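Here's the structure we're looking at; comments come further down.
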Amino acid sequence: QVQLVESGGGLVQAGGSLRLSCQASGRSKYAMGWFRQSPGKEREFVAAIRWSDGSTNYADFVKGRFTISRDYAKNTLYLHVNSLKPDDTALYYCAAKKSYTGPYYYKDEYDYWGQGTQVTVSS
């Protein structure tokens with residue numbers, strides 16, 4: 001069993017930055033990802049990382065603004081979000097899956113989810 005707790009969200013002006021964190025308990029995870037969901041929209045893939053070797057995968061809209069990383073020793077996942085836009089306003093979720101099999105960008109691939117951390121970007 002894996003439990004996930006996100007933190008680091010907040011209210012920020014357009015162009016600002018945040019660092020989102022996801023503290024994981026348990027070791028039964030092979031890959032982790034970040035997704036986001038805005039009111040009235042589907043939950044969408046943001047980025048994923050393979051826990052063992054740190055290889056990453058990003059959604060096209062990220063365009064170099066976001067960076068996913070993990071601290072293996074601390075069992076913590078991060079998402080650095082830069083050059084934020086009002087369209088980035090959403091509830092950001094971290095997720096974990098129990099296999100290495102990709103492609104990592106479908107939410108149904110993931111076995112465990114956190115409760116989310118809100119990011120609000122003002123114009």
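Note that the coordinates shown come from a computational prediction; the quantities given were computed from them, not determined experimentally. Below, all heavy atoms of this structure are taken into account, side chains as well, without hydrogens, waters or symmetry copies.
- Residues Leu79 and Tyr92 come closest through the heavy atom pair CD2-CD2, 4.2 Å.
- If you take OG1 on Thr89 and CD on Gln118, they are separated by 7.0 Å, rounding to the nearest 0.5 Å.
- Listed by chain and residue number, nothing satisfies the side-chain hydrogen bond (donor to acceptor under 3.5 Å, both in side chains) test with Ser123 (two or more places apart in sequence, or in another chain).
- Annotation for Ser38 and Ala90: closest pair OG-CB, 3.6 Å, computed over non-hydrogen atoms.
- One hydrophobic cluster, built from ILVMFWY side chains closer than 4.5 Å, cannot hold both Tyr78 and Leu20; they sit in different ones.
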Distance-only donor-acceptor pairs under 3.5 Å for side chains of residues 40-48, two or more places apart:
unit_1, atom_1, unit_2, atom_2, d
Arg43, NE, Gln37, OE1, 3.2
Arg43, NH2, Gln37, OE1, 3.4
Glu44, OE2, Arg36, NE, 2.7
Glu44, OE2, Arg36, NH2, 3.2

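- You'll find the side chain of Tyr58 reaches within 4.5 Å of the side chain of Thr67, heavy atoms only.
- Residues satisfying the ring-ring contact (aromatic ring centres under 6.0 Å, His included) criterion with Tyr110, sequence neighbours excluded, are Phe35.
- When each of Gln3, Gln1, Met32 is paired with Tyr112, the side-chain contact (heavy atoms from CB on, under 4.5 Å) condition holds for Gln1 and for no other.
- Atom CD1 of residue Ile68 and atom SG of residue Cys94 lie 9.5 Å apart, to the nearest 0.5 angstrom.
- Partners of Asp53 according to the side-chain hydrogen bond (donor to acceptor under 3.5 Å, both in side chains) rule, which considers only residues two or more places apart in sequence or in another chain, are Arg50, Ser55.
- Remark: the backbone N or O of Glu6 is not paired with any side-chain donor or acceptor of Thr117 at under 3.5 angstrom.
- Contact annotation: the side chain of Tyr93 never approaches that of Leu4 to less than 4.5 Å [non-hydrogen atoms, C-beta and beyond].
- In the hydrophobic cluster analysis, where Ile, Leu, Val, Met, Phe, Trp and Tyr join through side-chain heavy atoms closer than 4.5 angstrom, Trp113 is grouped together with Tyr106.
- Tyr104 has its side chain out of reach of Thr56: every pair of non-hydrogen atoms, C-beta onward, lies at least 4.5 Å apart.
- You'll find the side chain of Asp88 reaches within 4.5 Å of the side chain of Phe66, heavy atoms only.
- Summarising the geometry of Arg65 relative to Ser83, their closest heavy-atom pair is NH1-O, 3.0 Å, with the distance given to 0.1 Å.
- Of all the heavy atoms in Ile49 and Arg70, the pair that sits closest is CD1-CD, 3.6 Å.
- In this structure Glu109 satisfies the side-chain hydrogen bond (donor to acceptor under 3.5 Å, both in side chains) test together with Lys97, sequence neighbours excluded.
- Inter-residue side-chain proximity for Leu18 and Leu84 is flagged as met; some heavy-atom pair is nearer than 4.5 Å.
- A continuous path of Ile, Leu, Val, Met, Phe, Trp and Tyr side chains, each step under 4.5 Å between heavy atoms, connects Phe61 with Trp34, placing both in one hydrophobic cluster.
- For Thr76, the side-chain hydrogen bond (donor to acceptor under 3.5 Å, both in side chains) criterion is met by Gln23, not counting sequence neighbours.
- Using modelled atom types, no side-chain atom of Asn57 and backbone atom of Tyr105 make a donor-acceptor pair closer than 3.5 Å.
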